[in-house]
Chemist: 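Just dropping this structure here.
Note that the numbering runs from 1 along the sequence shown for the chain. Every heavy atom of this structure was used, including side-chain atoms; hydrogens, water molecules and symmetry mates were not. All of these numbers come straight from a predicted model, not from anything done at the bench.
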Amino acid sequence: MGKSYGYRRGTRHMFSRPYRRHGPEHLSTYLKVYKVGDIVDIKAHGGIHNGMPHKFYHGRTGRVFNVTKRAVGVVVNKQIGNRYLPKRINVRIEHIKHSRCREDHLNRVRENERRKLEAREKGVVFDLRRQPVGPRKAHLVKPRGREPELVEPIPYEIVV
């Protein structure tokens, strides 16, 4: 058999629905609000063929540049050779969801603002930078009635 070069080639598992997730799409998918500038994840829904993105964009993250009645326009960076091109694609809302990639950053910004306010009230200087996780505290290991076992390599012997 020859090799196929179809539009949906190699998507047997990519576009298949997860176990016990078949059937009609929930209404909450259609009630989500997308605004220009939102960061969204593209995840093609195999049960809805209209407005499905190409398999390349499945799992990519982009920014909304246009909103219509049933779809949104998303800018996604695509690497072509040695450069990245911003590709503009139109995707129906069943195939996208709000990205959680900035959630930790925004939570940290809110926490830092709260800490800055507290520091100003108390009149102290507070370091807002993230600190690396240090080494664990020193502690003793209890043998619990067993003798420690000495582990050492077996000496190398030449067998003739």
Side-chain angles (χ1 to χ4, degrees), residues 1-139 141:
M1 273 180 71
K3 187 166 167 55
S4 63
Y5 294 98
Y7 194 76
R8 290 180 59 158
R9 172 177 60 94
T11 62
R12 176 180 182 175
H13 302 293
M14 186 187 295
F15 291 163
S16 65
R17 299 297 297 139
Y19 177 61
R20 295 177 63 188
R21 293 288 181 271
H22 297 266
E25 188 59 26
H26 300 292
L27 280 178
S28 59
T29 305
Y30 300 99
L31 296 174
K32 287 184 181 146
V33 177
Y34 294 98
K35 297 177 182 173
V36 174
D38 284 355
I39 298 174
V40 294
D41 293 333
I42 300 170
K43 184 180 177 185
H45 188 297
I48 297 162
H49 299 162
N50 289 0
M52 183 184 278
H54 187 265
K55 63 187 177 185
F56 171 82
Y57 300 105
H58 181 80
R60 306 280 168 162
T61 302
R63 193 175 286 272
V64 175
F65 75 90
N66 184 30
V67 179
T68 62
K69 191 163 56 173
R70 294 183 189 88
V72 295
V74 183
V75 179
V76 185
N77 286 332
K78 182 174 185 179
Q79 184 178 1
I80 299 174
N82 62 344
R83 64 202 191 277
Y84 285 92
L85 295 179
K87 304 284 280 188
R88 291 172 171 249
I89 60 171
N90 292 314
V91 184
R92 278 180 76 124
I93 56 174
E94 296 95 328
H95 307 290
I96 62 170
K97 62 180 183 177
H98 286 286
S99 181
R100 300 181 63 188
C101 63
R102 279 179 56 84
E103 216 169 67
D104 288 339
H105 169 70
L106 294 175
N107 289 342
R108 203 170 64 247
V109 168
R110 275 189 226 106
E111 184 65 22
N112 283 349
E113 291 299 323
R114 190 185 60 77
R115 285 182 178 174
K116 268 196 258 183
L117 205 65
E118 286 179 9
R120 276 199 209 111
E121 289 170 359
K122 293 179 183 174
V124 293
V125 178
F126 189 75
D127 189 14
L128 299 173
R129 293 175 292 187
R130 289 178 286 173
Q131 296 299 322
V133 178
R136 291 181 296 221
K137 301 283 184 193
H139 64 281
V141 179

Chemist: Please report the interatomic distance NE2(His26) to CG(Leu31), rounded to the nearest 0.5 Å.
Modeler: 12.5 Å

Chemist: Of the non-hydrogen atoms in Glu103 and Arg100, which two are nearest, and what is the gap between them?
Modeler: OE1-NH2, 2.9 Å

Chemist: Applying side-chain contact (heavy atoms from CB on, under 4.5 Å), name anything that partners Val75, two or more places apart in sequence or on another chain.
Modeler: Phe65, Pro86, Arg88

Chemist: Which value, rounded to the nearest 0.5 Å, describes the distance between Arg110 atom CZ and Leu106 atom CG?
Modeler: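 Here the interatomic distance stands at 5.5 Å.
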
Chemist: Take Val74 and Val40 through the test side-chain contact (heavy atoms from CB on, under 4.5 Å) and record every step on the way to the result.
Modeler: CA-CA 8 Å; Val74 183; Val40 294; 4.0 Å; yes

Chemist: Show the numbers, then the answer: is there a side-chain contact (heavy atoms from CB on, under 4.5 Å) between Tyr7 and Lys55?
Modeler: CA-CA 8 Å; Tyr7 194 76; Lys55 63 187 177 185; over 6 Å; no

Chemist: Please identify each residue that fulfils side-chain contact (heavy atoms from CB on, under 4.5 Å) with His22, with sequence neighbours left out.
Modeler: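 Checked His22 against side-chain contact (heavy atoms from CB on, under 4.5 Å); matches are Arg17.
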
Chemist: Which pair of non-hydrogen atoms, one from Arg115 and one from Leu128, has the smallest distance, and what is that distance?
Modeler: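 Closest approach of Arg115 to Leu128, heavy atoms only: CB-CD2, 4.1 Å.
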
Chemist: What is the minimum heavy-atom distance between Val91 and Pro53, and which atoms define it?
Modeler: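 Heavy atoms of Val91 and Pro53 come nearest at CG1-CD, 4.0 Å.
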
Chemist: Can you sort out the partners of Arg8 under side-chain contact (heavy atoms from CB on, under 4.5 Å), two or more places apart, ordered by chain and number?
Modeler: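 Checked Arg8 against side-chain contact (heavy atoms from CB on, under 4.5 Å); matches are Thr11, Phe15, His49, Met52.
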
Chemist: Kindly say whether His45 contributes a backbone atom to a donor-acceptor pair with the side chain of His95 at under 3.5 angstrom?
Modeler: yes

Chemist: For Arg114, enumerate each residue passing the salt bridge (Lys or Arg N to Asp or Glu O under 4.0 Å) test, keeping only those at least two apart in sequence or located in another chain.
Modeler: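 Residues passing salt bridge (Lys or Arg N to Asp or Glu O under 4.0 Å) with Arg114: Glu111, Glu118.
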
Chemist: Say you draw a straight line from CG of Asn112 to CG of Asp127; how long is it, rounded to the nearest 0.5 Å?
Modeler: 9.5 Å

Chemist: Under the salt bridge (Lys or Arg N to Asp or Glu O under 4.0 Å) test, which residues partner Arg92, sequence neighbours left out?
Modeler: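 Testing Arg92 for salt bridge (Lys or Arg N to Asp or Glu O under 4.0 Å), a comparison that skips the adjacent residues, returns Glu94.
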
Chemist: Answer yes or no: is there a side-chain heavy-atom contact under 4.5 Å between Ile89 and Ile42?
Modeler: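 Side-chain contact under 4.5 Å: yes.
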
Chemist: Report the distance from atom CD1 of Ile93 to atom NZ of Lys32, rounding to the nearest 0.5 Å.
Modeler: 9.0 Å

Chemist: Side chain of His54, backbone of Phe56: donor and acceptor closer than 3.5 Å?
Modeler: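 Side chain of His54 to backbone of Phe56, a donor-acceptor pair under 3.5 Å: yes, one is there.
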
Chemist: Quick one: salt bridge (charged side-chain N to carboxylate O under 4.0 Å, His left out) pairs with a partner in residues 61-83, sequence neighbours left out?
Modeler: none

Chemist: Considering residues, nucleotides and ligands other than Arg12, do more than 12 of their heavy atoms fall under 6.0 Å from its CZ?
Modeler: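 No, the 6.0 Å shell around CZ holds no more than 12 heavy atoms from other groups.
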
Chemist: Using 0.5 Å steps for rounding, measure from the CD1 atom of Ile96 to the OG1 atom of Thr61.
Modeler: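 OG1 of Thr61 is found 11.5 Å from CD1 of Ile96.
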
Chemist: Below 4.0 angstrom, N of the basic side chain to O of the carboxylate: do Asp41 and Lys43 qualify?
Modeler: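 Here Asp41 does not pair with Lys43 in a salt bridge, since their nearest N and O are not under 4.0 Å apart.
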
